[in-house]
Amino acid sequence: NTYYGAKALLAKDHVEAVNLARKALVSDPDSMDAYQILAATYLEMGLLDVGILVTRNAIGIYPTNGAVQNLLGLIFLKMGEVRQAVQLFQKAANDDPELFDAQFNLGSVTLGYMDFATAAARFEKAVALRPTHRDARMGLAVAKSGAGVSAGALKILQYLAADPNAADP
């Protein structure tokens, strides 16, 4: 059910995604995949309070699940609760250092607040996880430039300009 629930979510078939995720939770009440599909669907639908309930339920089962924490951070970010979002992205990055999304989101938010050193550190980790991710490299270039490391920023921008049509993986 989670496989088809994820496909339904990608197809923006929110009703089907919710139904399939719920069915998956009936057969496996601890399914983090089902919780993530359900919460991501509610986030896309704008049902943020329901998304918070779902992610908090999942975190109650598995407190160190970085993907769920990151998703809850996105919900709080959409609600304008930046401090809570940053705390959740930080916890997700600490609990799951290999989670690209948490590193990238933390870099993006801190860059938005012109904390260039923190943003650069997070984008460095994101680029290490996905070396060809253009947005992560661009974020790193902007953060390095803001931090006064213009040579490093220029090198990244030259790399990106060498293949301007390459898409993120």
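Every heavy atom of this structure was used, including side-chain atoms; hydrogens, water molecules and symmetry mates were not. All figures in this text were calculated on a predicted structure; none of them were measured in a lab.
Defined by atom type and a distance below 3.5 Å, a donor-acceptor pair is present between the side-chain atoms of Asn94 and Gln90. Between Thr118 and Asp115, the side chains place a donor N or O and an acceptor N or O closer than 3.5 Å (distance only, hydrogens not considered).
Proximity of Val68 to Tyr62: side-chain heavy atoms (C-beta onward) are nowhere separated by under 4.5 Å. Two residues are said to be in side-chain contact when any heavy atoms from C-beta on lie closer than 4.5 Å; Val86 and Leu106 meet this criterion. Val18 places a side-chain heavy atom less than 4.5 Å from the side chain of Tyr42. In this structure, the side chains of Met138 and Leu157 come closer than 4.5 Å at one or more pairs of heavy atoms. Between Phe89 and Arg122 the shortest side-chain heavy-atom distance does not fall below 4.5 Å. With a 4.5 Å cut-off on side-chain heavy atoms, Thr2 and Leu20 do not count as touching.
Panel note: side chain Arg134, backbone Leu160; a donor-acceptor pair is recorded below 3.5 Å.
Between Ala34 and Ala24, the closest heavy-atom pair is CB-CB, 3.8 Å. Taking all atoms of both residues into account, the shortest heavy-atom contact from Gln36 to Ala67 is OE1-CB, 3.5 Å.
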Practice problem: Decide side chain to side chain contact (heavy atoms under 4.5 Å, CB included) for Gln69 and Gln87; before the verdict, give the C-alpha distance in whole Å, the side-chain angles of both, and the deciding distance to 0.1 Å. | Solution: CA-CA 9 Å; Gln69 294 164 356; Gln87 289 172 349; over 6 Å; no

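Here Glu44 does not pair with Lys78 in a salt bridge; the nearest charged N to carboxylate O distance is not below 4.0 Å.
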